[in-house]
Student: 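This structure is in structure tokens; I'll ask about it shortly.
Computation of the quantities below employed the complete heavy-atom set of this structure, encompassing side-chain atoms and omitting hydrogens, waters and symmetry-equivalent molecules. Bear in mind the structure is a predicted one, so any value in this text is a computation, not a measurement.
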Amino acid sequence: MPFDLFCTAIWEKPVLIAMSAFRSFFMCFVVAAAIVIPISAQLSPDFYDKLCPQALPTIRSILEKAIYHEPRLGASLLRVHFHDCFVNGCDASVLLDDTPNFIGEKTAGPNVNSLRGFEVIDEIKEAVNSACCGNVVSCADILAVAARDSVAILGGPSYQVLLGRRDARTASLNDANSDLPRPIFDFPALLSNFQNHGLDLNDLVLLSGGHTIGLARCTNFRDRIYNETNIKPKFAASSRGICPKEGGDDNTATLDATTANFDTEYFKDLLKLKGLLHSDQELFKGIGSASDGLVQYYSNNPGAFFADFGVSMIKMGNMKPLTGSDGEIRMNCRKIN
């Protein structure tokens, strides 16, 4: 909806269109002039309650329509938030396009031809700026809320998101290449990576459970289905039908058997040696490890998985956020102001 027509809705009595447009413009001007963005070093769940109460409902509305038309987008947006937070904190650096001053993170090995959903973030940002009569909601917060809402829309938990992040003014291709976990990682490398980000074994298993939704590219699981032995033979054979030994790098397969639903099927598949990625199956080896125990526990306790997943998402979302006067609130999520 155009900016001036939206703000027209705040007038109760019908008036001429021209006068209404003028008044709506004036009202948005007054609202924008009166906005004082809180300067706080702490994130808060009610950060936008007074600043822009329409912000979160606007994000949810756009996501519901987008995911209805393409359910895969839910997994894509969850992944964008993860890949943002694991590279210098949750600051929306992953959304920045390349500039003469830096090469962004979109072309890093774990992201290129893989991360998606940027157009939906653009749409959300434009709509939120309109709803709030100004640029008050950060791209980093949009990513955090979009991840939570995507999970909820696909049947998962609706955990409380802490808000008040600001956006980075730069990005790092090198850090994206070095800081993000890879699908070829073995268990020690996975755990070390998570611990380097202030997370623990529980977070590793729980956040990996986000793979209950979404798809993986052939290039990321080819070696597993052709060369590994801790895999269900029939599962490997069917996966080979999607992913040939040569070519088809961008062919995709589902990460679990119910990929459009956020559930515990991912963990159940690991127990059956049907983890699509090497890194996924590393979480369950059947040797009685602590990781094995967590996979078994969550496979049989969806309520516990939902509750604990939300806790780990909040913990991840608190990784080195920019707050107070650090960073900025981008007008366009793809470029600095």
Side-chain angles (χ1 to χ4, degrees), residues 1 43 45-49 52-85 90 92 94-95 114-132 137-163 165 206-216 252-269 298 301-317 333:
M1 182 181 295
L43 302 182
D46 57 1
F47 187 84
Y48 296 109
D49 284 4
C52 181
Q54 302 93 347
L56 270 59
T58 300
I59 295 172
R60 178 70 179 231
S61 176
I62 292 173
L63 286 173
E64 286 176 345
K65 294 175 184 176
I67 293 173
Y68 174 80
H69 289 293
E70 187 186 355
R72 183 187 175 191
L73 271 174
S76 299
L77 294 172
L78 174 60
R79 188 162 179 258
V80 172
H81 180 46
F82 180 95
H83 281 224
D84 179 44
C85 292
C90 308
V94 72
L95 300 178
S114 178
L115 279 193
R116 54 197 303 277
F118 298 117
E119 293 78 11
V120 177
I121 298 299
D122 293 339
E123 181 183 355
I124 290 172
K125 178 60 175 171
E126 182 178 358
V128 168
N129 283 357
S130 178
C132 298
V137 181
S138 69
C139 301
D141 276 348
I142 288 174
L143 285 182
V145 174
R148 187 273 310 274
D149 286 355
S150 293
V151 167
I153 290 167
L154 292 174
S158 183
Y159 52 90
Q160 189 176 62
V161 176
L162 301 181
L163 302 166
R165 299 168 190 79
L206 286 161
L207 294 176
S208 296
H211 283 175
T212 185
I213 52 176
L215 309 174
T252 58
T254 60
L255 284 163
D256 80 1
T258 58
T259 191
N261 299 311
F262 194 97
D263 53 26
T264 59
E265 190 64 31
Y266 167 81
F267 297 116
K268 294 176 181 177
D269 284 351
Y298 289 123
N301 293 276
F305 171 50
F306 279 25
D308 293 348
F309 178 82
V311 172
S312 286
M313 285 296 293
I314 293 170
K315 187 175 177 181
M316 184 187 76
C333 290

Student: Rounded to the nearest 0.5 Å, how far does CG of Leu215 lie from CZ of Arg72?
Tutor: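 Between Arg72 CZ and Leu215 CG, I get 4.5 Å after rounding to 0.5 Å.
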Student: Please round to the nearest 0.5 Å and tell me the distance separating atom OG1 of Thr254 and atom CD1 of Ile213.
Tutor: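 CD1 of Ile213 is found 12.5 Å from OG1 of Thr254.
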Student: Distance check, rounded to the nearest 0.5 Å: Gln160 atom CD versus Asp46 atom CG?
Tutor: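 One gets 8.5 Å once the value is rounded to the nearest 0.5 Å.
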Student: Looking at side-chain heavy atoms only, is the closest gap between Ser208 and Tyr266 below 4.5 Å?
Tutor: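 They are in contact (side-chain heavy atoms under 4.5 Å apart), so the answer is yes.
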Student: Check the pair Asp263, Lys268 against side-chain contact (heavy atoms from CB on, under 4.5 Å), reporting the backbone distance first and the verdict last.
Tutor: CA-CA 10 Å; Asp263 53 26; Lys268 294 176 181 177; over 6 Å; no
Student: Which pair of heavy atoms, one from Ile121 and one from Ala146, lies closest together, and at what distance?
Tutor: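 The answer is CD1-CB, 4.5 Å.
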Student: As an exercise, state the distance from CD1 of Ile59 to CD of Glu123, rounded to the nearest 0.5 Å.
Tutor: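 Reported value, rounded in 0.5 Å steps: 12.0 Å.
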Student: Thr212 pairs by side chain to side chain donor-acceptor pair (under 3.5 Å) with which of Thr258, Asp256, Thr259?
Tutor: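 Answer after filtering Thr258, Asp256, Thr259: Asp256.
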Student: For Phe309 versus Pro157, what's the shortest heavy-atom pair and its separation?
Tutor: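 Looking at all heavy atoms of both residues, the shortest contact is CD2-CG, 4.1 Å.
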Student: Just by modelled atom types, is the Tyr159 backbone N or O under 3.5 Å from a matching donor or acceptor in the Arg148 side chain?
Tutor: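 Yes.
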Student: Quick check against the 3.5 Å criterion: does Thr264 have a side-chain atom that pairs as donor or acceptor with the backbone of Phe267?
Tutor: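 No, Thr264 side chain to Phe267 backbone: no donor-acceptor pair under 3.5 Å.
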Student: Is any side-chain heavy atom of Arg60 closer than 4.5 Å to a side-chain heavy atom of Glu64?
Tutor: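 Sidechains of Glu64 and Arg60: in contact.
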Student: One pair to check against side chain to side chain donor-acceptor pair (under 3.5 Å): Ser76 and Arg116. What are the steps and the verdict?
Tutor: CA-CA 6 Å; Ser76 299; Arg116 54 197 303 277; 2.9 Å; yes
Student: Measure up the Phe305 and Phe262 rings against each other and bin them: parallel (under 30°), tilted (30 to 60°), perpendicular (over 60°).
Tutor: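 Parallel.
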Student: Does Leu206 offer a backbone N or O that forms a donor-acceptor pair with the side chain of Asp308 under 3.5 Å?
Tutor: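 Not confirmed, Asp308 side chain does not pair with Leu206 backbone.
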Student: Can you give me the closest heavy-atom contact between Ala75 and Leu154, atom names plus distance?
Tutor: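 Of all heavy-atom pairs spanning Ala75 and Leu154, the closest is N-CD1, 4.4 Å.
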Student: Could you check Asp149 against Leu56 for side-chain contact (heavy atoms from CB on, under 4.5 Å), going step by step and ending with a plain yes or no?
Tutor: CA-CA 10 Å; Asp149 286 355; Leu56 270 59; over 6 Å; no
Student: Flag the pair Ile124 / Glu126 as yes when at least one side-chain heavy-atom distance between them is below 4.5 Å, and no otherwise.
Tutor: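 They are not in side-chain contact.
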Student: Strictly distance-based, threshold 3.5 Å: is any side-chain N or O of Thr58 a donor or acceptor partner for the main-chain N or O of Ala127?
Tutor: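 Answer holds: no.
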Student: How many angstroms lie between atom CZ of Phe82 and atom CZ of Arg79, to the nearest 0.5 angstrom?
Tutor: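 Taking CZ in Phe82 and CZ in Arg79, the distance rounds to 9.0 Å.
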Student: Below 4.5 Å, heavy atoms only, C-beta onward: do Leu95 and Val80 meet side chain to side chain?
Tutor: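 In short, these two side chains touch, coming nearer than 4.5 Å.
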Student: So do the side chains of Ile67 and Ser150 get within less than 4.5 Å of each other, counting heavy atoms only?
Tutor: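 Side-chain contact under 4.5 Å: yes.
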Student: How many angstroms lie between CZ in Phe47 and CG in Asp141, if you round to the nearest 0.5 Å?
Tutor: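 So the CZ of Phe47 and the CG of Asp141 are separated by 7.0 Å.
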Student: Mind listing the closest non-hydrogen atom pair of Leu77 and Gly117 along with its distance?
Tutor: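 Scanning both residues, the minimum pair turns out to be CD2-O, 3.7 Å.
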Student: Of all heavy-atom pairs between Ala55 and Val137, which one has the smallest distance, and what is that distance?
Tutor: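 Where Ala55 meets Val137 most closely, the heavy atoms are CB-CG2, 3.8 Å.
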Student: Considering all heavy atoms of both residues, which atom of Leu43 and which atom of Gly317 are nearest to each other, and what is their separation?
Tutor: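 Closest approach of Leu43 to Gly317, heavy atoms only: CD1-O, 4.2 Å.
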